[in-house]
Amino acid sequence: MDKGNVTSVTEFILLGIPLAYHFQILLFVVLSLCYVITIVGNATIIIVSLTQTQLHTPMYFFLSNLALLDISFISAIVPKVLFNLISGSKTISFHGCLAQSYIYFLLGTTEFLLLAVMSFDRYVAICHPLRYGTVMKPKLCLKLILCSWTGGFLDTIVQTILTFRLPFCGPNVINHYFCDVAPLLKLACGDTYLIGMLDFILASSLVLGSLFFSLASYGCIVAAIVKISSSAGRKKTFSTCASHLTVVFIVYGSCIFMCIRPSKNTKVDSTKIVALLNSIMTPFLNPFIYSFRNKTFKEALKRTMRNRNNFRNQKA
């Protein structure tokens with residue numbers, strides 16, 4: 001293509017999910033409620049874990065980081081979706097699209113790595129309980145968190161830079177509700193084969209690698225649980241990792257579904273629905289799955305509320 005005839009795209013149009021107006025209003029209300037509940041629920045986990053000393057354990061340290069990750073992850077997508085729904089505007093600037101795409105995949109990649117780290121934590125706690133305190137020291141926990149974020153950064157930064165260095169000369173309509181890489185590559189004027197292959201290799205390696213690590217950890221956990229003589233002991237031990245295993249199935253299941261894209265789309269693309277559910281429901285459900293059903297956390301939450309009320313009464 002003659003570079004002299006190329007017109008650079010300065011903004012993109014997000015098609016979103018095609019719905020009738022009254023359904024768009026309903027979607028706006030549902031997403032708004034889910035967003036608020038998600039922020040409040042995950043912020044509660046962070047505050048309670050920081051203020052209650054009995055929760056100063058590796059498990060709740062990782063859980064607090066997951067809560068912070070979920071708040072950031074949902075905030076990278078949902079506010080823009082809500083704005084587009086209520087305003088009718090579907091545009092996003094080129095640099096806004098770059099930022100949204102990078103943040104979304106950075107946080108998503110980091111979450112996969114963090115889930116693998118949490119699987120390792122449960123493995124040590126159940127398979128080597130006597131060594132748990134000496135292995136999962138604060139210094140190691142901090143290193144594991146830093147490795148998760150560094151891995152997410154390195155996995156995402158290269159493909160993001162390469163994608164947005166491509167020439168975009170029109171059309172500028174993205175068939176999605178956010179700046180996903182796959183529909184963006186379809187709009188590029190240059191050759192995207194190598195970038196597409198790099199994106200596939202990096203994403204597959206990280207997702208499958210972290211999934212294999214998590215499954216291997218839980219394979220060892222199941223083997224250890226089976227050796228427990230009493231059924232009550234087996235049930236109690238399994239309950240300590242059931243929540244995390246549930247989240248692993250939800251996150252990886254939705255990711256694998258989105259990777260296996262259907263050849264024929266219905267009027268509402270099913271991959272968009274699953275991507276939206278992954279962006280919303282996982283951060284929304286995590287506080288309920290991990291903490292609000294946990295007796296220790298509920299007791300810590302009650303103490304936090306009592307301390308807050310006592311502080312208010314003393315101040316009054």
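The first residue of the sequence shown is numbered 1, and numbering continues consecutively from there.
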Would you list the pairs meeting disulfide (SG to SG under 2.5 Å) in which at least one residue belongs to residues 60-90, sequence neighbours left out?
-> none

So among Ile39, Ile37, Leu33, which one has a side chain to side chain contact (heavy atoms under 4.5 Å, CB included) with Tyr35?
-> Ile39

Please answer: with hydrophobic residues joined when any side-chain heavy atoms are less than 4.5 Å apart, are Leu15 and Val78 in the same cluster?
-> no

Chi angles and distances behind the side-chain contact (heavy atoms from CB on, under 4.5 Å) call for Leu66, Tyr290 = CA-CA 10 Å; Leu66 180 64; Tyr290 276 113; 3.5 Å; yes

Hydrophobic cluster mates of Val40, side-chain heavy atoms under 4.5 angstrom, ILVMFWY only, any path?
-> Val36

Step-by-step side-chain contact (heavy atoms from CB on, under 4.5 Å) determination, Phe12 to Lys90 | CA-CA 8 Å; Phe12 294 99; Lys90 296 184 177 181; over 6 Å; no

Ring centroid separation Phe164 to Tyr102 under 6.0 Å = no

Validation row: Leu215, Tyr218 side chains within 4.5 angstrom (heavy atoms) | no

Can you find a pair of side-chain heavy atoms, one from Ser49 and one from Leu63, that are under 4.5 Å apart?
-> no

Please check if any side-chain donor atom of Ser210 sits under 3.5 Å from a side-chain acceptor atom of Tyr252, or the reverse.
-> yes

Candidate pair Val135 and Tyr132, rule side-chain contact (heavy atoms from CB on, under 4.5 Å), full reasoning | CA-CA 5 Å; Val135 173; Tyr132 182 74; over 6 Å; no

Give the C-alpha distance, both sets of side-chain angles, the deciding distance and a yes or no for side-chain contact (heavy atoms from CB on, under 4.5 Å) between Met59 and Leu55.
-> CA-CA 8 Å; Met59 184 180 74; Leu55 298 184; over 6 Å; no

The side-chain contact (heavy atoms from CB on, under 4.5 Å) partners of Cys141 (sequence neighbours excluded) come to Pro58, Phe61, Phe62, Met136

Considering all heavy atoms of both residues, which atom of Cys147 and which atom of Leu113 are nearest to each other, and what is their separation?
-> O-CD1, 4.4 Å

Do you know the tightest heavy-atom contact between Thr109 and Gly151?
-> CG2-O, 4.4 Å

Indicate, with yes or no, whether the SG-to-SG separation of Cys220 and Cys127 is under 2.5 Å.
-> no

Smallest heavy-atom separation, Ile71 atom then Ala43 atom, equals CD1-N, 3.8 Å

Return yes if some donor-acceptor pair links the side-chain N/O of Ser64 with the main-chain N/O of Ile46 below 3.5 Å, else return no.
-> no

Would Phe212 and Val248 show up in the same hydrophobic cluster when neighbours are defined by side-chain heavy atoms closer than 4.5 Å?
-> no

Cluster companions of Leu208 among Ile, Leu, Val, Met, Phe, Trp, Tyr (side-chain spacing under 4.5 Å) = none

Going hydrophobic residue to hydrophobic residue with side-chain gaps under 4.5 angstrom, can you get from Leu206 over to Ile161?
-> yes

For Asp191 and Leu166, work out which heavy atoms get closest and say how close.
-> O-CD2, 4.0 Å

Kindly compute the distance separating CZ (Arg306) from CG (Leu301), expressed to the nearest 0.5 Å.
-> 10.0 Å

Approximate separation, where rounding is to 0.5 Å, of Thr156 OG1 and Ile103 CD1 | 11.0 Å

Across all chains, not counting sequence neighbours, the side-chain contact (heavy atoms from CB on, under 4.5 Å) partners of Thr53 are His56

Could you state the interatomic distance from CG (Asn84) to CD1 (Ile92), rounded to the nearest 0.5 Å?
-> 7.5 Å

Flag, side chain of Arg234 to backbone of Ile228, donor-acceptor distance under 3.5 Å | yes

Flag for Ser217-Ser119: side-chain donor and acceptor within less than 3.5 Å | no

Report yes if the side chains of Val117 and Phe120 come closer than 4.5 Å at any heavy-atom pair, otherwise no.
-> no

Nearest 0.5 Å, what's the CG-OG1 distance between Asp70 and Thr282?
-> 7.5 Å

Is there side-chain contact between Thr192 and Lys186, with heavy atoms separated by less than 4.5 Å?
-> no

Indicate, with yes or no, if Ile45 and Leu285 share a hydrophobic cluster defined by side-chain heavy-atom contacts under 4.5 Å among Ile, Leu, Val, Met, Phe, Trp and Tyr.
-> yes

Kindly indicate whether the side chain of His22, heavy atoms from C-beta on, has any atom under 4.5 Å from the side chain of Leu26.
-> no

Under 3.5 Å: donor-acceptor pair, side chain of Arg131, backbone of Val124 | no

Distance only, no hydrogens: is a donor on one side chain within 3.5 Å (strictly under) of an acceptor on the other, for Asp180 and Tyr104?
-> no

Quick one: do Ile201 and Phe112 end up in the same hydrophobic cluster if we chain Ile, Leu, Val, Met, Phe, Trp and Tyr together by side-chain heavy atoms under 4.5 Å apart?
-> no

Which value, rounded to the nearest 0.5 Å, describes the distance between Ile250 atom CD1 and Leu245 atom CG?
-> 10.0 Å

Under a 4.5 Å cut-off applied to non-hydrogen side-chain atoms, are Val48 and Phe297 in contact?
-> yes

Which atoms form the tightest heavy-atom contact between Val181 and Ser101, and what is the distance?
-> CG2-OG, 3.9 Å

Can you check whether Val251 reaches Val247 side chain to side chain, under 4.5 Å on heavy atoms?
-> yes

Taking every heavy atom of Ser214 against every heavy atom of Leu115, the minimum-distance pair comes out as OG-O, 4.0 Å

Mutual orientation of the aromatic rings belonging to Tyr123 and His128 [parallel < 30°, tilted 30-60°, perpendicular > 60°] | perpendicular

Mind jotting down which residue pairs meet the disulfide (SG to SG under 2.5 Å) criterion with at least one end in residues 52-124? Sequence neighbours excluded, please.
-> Cys97-Cys179

Criterion side chain to side chain contact (heavy atoms under 4.5 Å, CB included) against Ile74, the qualifying member of Ile280, Leu107, Leu69 = Ile280

First locate atom CG of Asp199, then atom CG of Leu184, and finally report the distance between them rounded to the nearest 0.5 Å.
-> 11.0 Å

